[in-house]
There are 2 protein chains.
Amino acid sequence: MQLKSLRLFMAVAETGSFVTAANQLHTVQSNVTAHIKKLEDELGVQLIQRAGRVRPTSAGLALVEYAERMLTAHDEAVSLFRGQEKACGRLRIGAMETTTAVRLPPILAAYHAAQPDVDIQIKTGPTAELVELLLDGQVDCVFVAGRLEHSRYHLLKAFSEQLVLVGSTPMTTMPSSQELLTSAFLAFRQGCSYRQRIELLLASHGVNAGRIFEFGSLDAMLGCVAAGMGYTVLPRGTVEAHQHRFGIHTLELPASIANVDTYFAAFEPETWTPALASFAETLREAVAIDEPQLTAS
Amino acid sequence: MQLKSLRLFMAVAETGSFVTAANQLHTVQSNVTAHIKKLEDELGVQLIQRAGRVRPTSAGLALVEYAERMLTAHDEAVSLFRGQEKACGRLRIGAMETTTAVRLPPILAAYHAAQPDVDIQIKTGPTAELVELLLDGQVDCVFVAGRLEHSRYHLLKAFSEQLVLVGSTPMTTMPSSQELLTSAFLAFRQGCSYRQRIELLLASHGVNAGRIFEFGSLDAMLGCVAAGMGYTVLPRGTVEAHQHRFGIHTLELPASIANVDTYFAAFEPETWTPALASFAETLREAVAIDEPQLTAS
DNA sequence: GTCAGGCTATCTCAAAAAAAGATAGTAACG
DNA sequence: CGTTACTATCTTTTTTTGAGATAGCCTGAC
């Protein structure tokens with residue numbers, strides 16, 4: 001059974017004429033006859049009544065419903081990829097908690113304005129999990145900290161973050177080693193790339209990895225820092241966005257530890273749906289506006 | 001886009017291998033490559049990631065959903081016509097009020113037992129309307145009074161009815177012409193074939209068509225007859241089935257007027273769905289049991 | 001690092017199928 | 001009774017498909 005045959009069948013059923021159907025679909029009458037005959041042979045039933053009026057038989061009418069479902073699905077699939085201008089379908093994005101909270105909202109808003117027919121789904125998690133999701137095909141693209149070493153990725157430096165130490169009291173210098181040793185550190189669950197920065201930081205002060213508490217959400221983590229439970233390390237933008245809600249204080253860290261780039265990663269552009277391609281374009285534009293000196297070079 | 005290509009695509013997406021997919025669908029690997037390549041060219045997107053692991057890309061995963069819808073619809077359509085043993089789908093029957101009430105129930109019960117997967121829909125109406133429904137393709141078959149003169153019908157004499165005069169008082173002879181003239185006659189709405197029998201009856205007693213009231217349902221009609229509103233003409237079996245509920249009385253009519261055959265009518269058997277073919281078979285069997293003398297001849 | 005094994009892309013040829021045109025037969029209409 | 005419009009059938013040409021053979025590539029093991 002071929003979709004082409006079903007198209008012709010539907011045209012005959014609707015127009016009541018083989019000739020008209022042939023013209024509508026830019027072919028000749030003999031081909032319409034042949035296609036319908038083949039359909040009838042395959043199904044073992046007469047689908048079109050030719051004697052007198054040309055109209056679908058009972059069996060033909062029964063087939064119409066299924067043919068419509070097949071052709072509708074086909075047309076939707078085609079418009080998914082070949083839809084001119086407007087993308088449609090679904091876009092699944094994986095991003096870190098901090099990126100989702102601070103960086104994504106304006107970009108998603110711009111994207112949704114440009115492509116209102118795309119359903120957007122966000123999955124959050126630490127970098128390592130996001131990479132797994134991408135490899136698994138559970139998301140179409142991810143925002144991760146640091147370059148992905150894996151080949152065959154399309155990478156775009158999306159955001160530059162500056163990590164700061166976050167604590168419950170004002171700081172002008174790094175806490176003493178003694179203080180660091182006795183304090184707890186709060187981080188996202190295993191796989192969070194910021195977590196290794198914490199360990200780097202501790203190591204640079206001659207302190208072995210102390211107690212590290214894992215958190216699932218940014219709010220919970222900041223709440224506990226504010227309550228004096230310990231320190232954490234987060235992008236400056238993220239902290240600033242929440243600073244009015246929590247009594248927290250920050251301290252700048254040395255550049256070698258502080259600077260982290262967030263990359264947009266997906267597979268090769270040839271594998272992108274129009275929805276994803278359009279998102280990458282939106283992102284490129286947003287990045288260009290944020291960092292004009294980079295695009296000028 | 002061809003369903004065959006989608007089948008191969010789905011097999012590749014599921015098995016992660018061109019070779020395995022080829023074997024599953026009884027073809028060779030080079031054909032799988034060609035079909036998928038053609039799909040990719042048509043949609044302008046890479047659907048399968050070949051480098052390293054063979055797996056669907058984002059675009060491929062998006063297509064999977066639509067491919068499933070198309071293939072499922074296809075398989076269902078095929079099983080509609082080529083389903084071995086069990087028919088499925090829908091059977092739309094048109095029948096007269098009286099036939100539906102008395103004759104159809106046992107046949108439908110037998111049919112449903114034989115073909116539990118078929119949805120049965122009954123439309124009731126007078127003979128003339130039923131013929132229209134059949135011609136319009138709104139039902140698959142009808143039960144009508146009298147042979148359909150139209151050619152190209154498949155006809156089967158289903159039931160022989162004997163019409164009786166129904167009134168509110170016991171009768172031993174035909175009411176007088178005077179009585180008939182002053183009485184009302186109750187019939188189904190325009191198009192009911194029994195209605196012409198009433199007019200025949202009146203004419204044979206030298207009475208021109210008097211007042212005829214139209215009713216939409218059997219119950220309403222019998223209720224009004226019992227209340228002394230007038231006479232009606234109905235199959236004996238129908239009246240007997242309702243006699244315990246209404247105070248009504250019958251009188252046999254001369255055979256020329258009384259005998260009416262109910263025919264099963266549909267288009268040629270080649271146009272039948274398996275559901276309809278099976279119903280015709282059930283009906284033939286039921287008729288053979290009711291009238292063994294006919295099948296013996 | 002090299003080699004073997006398994007996998008996919010590509011090329012080629014034969015077979016099959018589809019498209020288009022021409023023609024004949026048939027039903028409807030005036 | 002002839003005309004017209006329609007579909008079925010036949011034929012030819014073109015396109016597509018299927019299958020085999022081969023080359024190239026990646027992976028994993030030694």
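Every heavy atom of this structure was used, including side-chain atoms; hydrogens, water molecules and symmetry mates were not. Here is the naming used below: chain letters follow the sequence lines, and residue numbers restart at 1 for every chain.
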Just to be sure I understand the rule, does Val32(A) reach a base, reach only the sugar-phosphate, or reach nothing, if contact means heavy atoms closer than 4.0 Å? nothing
If you measure from the Lys or Arg side-chain nitrogens to the Asp or Glu carboxylate oxygens, is any gap between Lys123(B) and Glu129(B) under 4.0 Å? no
Between dA20(C) and Ser30(A), is there an OP1 or OP2 to side-chain N/O distance shorter than 4.0 Å? no
Output the rounded distance in Å from CZ (Arg55(A)) to P (dA27(C)). 18 Å
Rounded to whole Å, how long is the line connecting atom CD of Gln29(A) with atom P of dA19(C)? 14 Å
Hey, could you give me the OG/CG distance between Ser278(A) and Leu283(A), rounded to the nearest 0.5 Å? 11.0 Å
Is any NZ, NE, NH1 or NH2 atom of the basic residue among Glu281(B) and Arg284(B) found under 4.0 Å from an Asp or Glu carboxylate oxygen of the other? yes
Round to a whole Å and report the spacing from NZ of Lys37(A) to C1' of dA17(C). 16 Å
From the 5' end of DNA chain D to its 3' end, which nucleotides mark the outer limits of contact with chain A, defined by a 4.0 Å heavy-atom distance cut-off (strictly under)? dT7(D) to dT9(D)
Calculate the interatomic distance between Lys38(A) atom NZ and dA18(C) atom C1'; express it in whole Å. 9 Å
Ile48(B) has an atom CD1; how far is it from atom C1' of dT8(C), in whole Å? 12 Å
Distance col, row Ile107(B):CD1 vs Glu285(B):CD, nearest 0.5 angstrom, shows 11.0 Å
How long is the line joining CG of Leu25(A) and C1' of dA19(C), in whole Å? 14 Å
Of all of residues 2-19 of chain B, which get a heavy atom below 4.0 angstrom from DNA chain D, listed by number? Gln2(B), Lys4(B)
Any Asn31(A) side-chain N or O less than 4.0 Å from OP1/OP2 of dA18(C): no
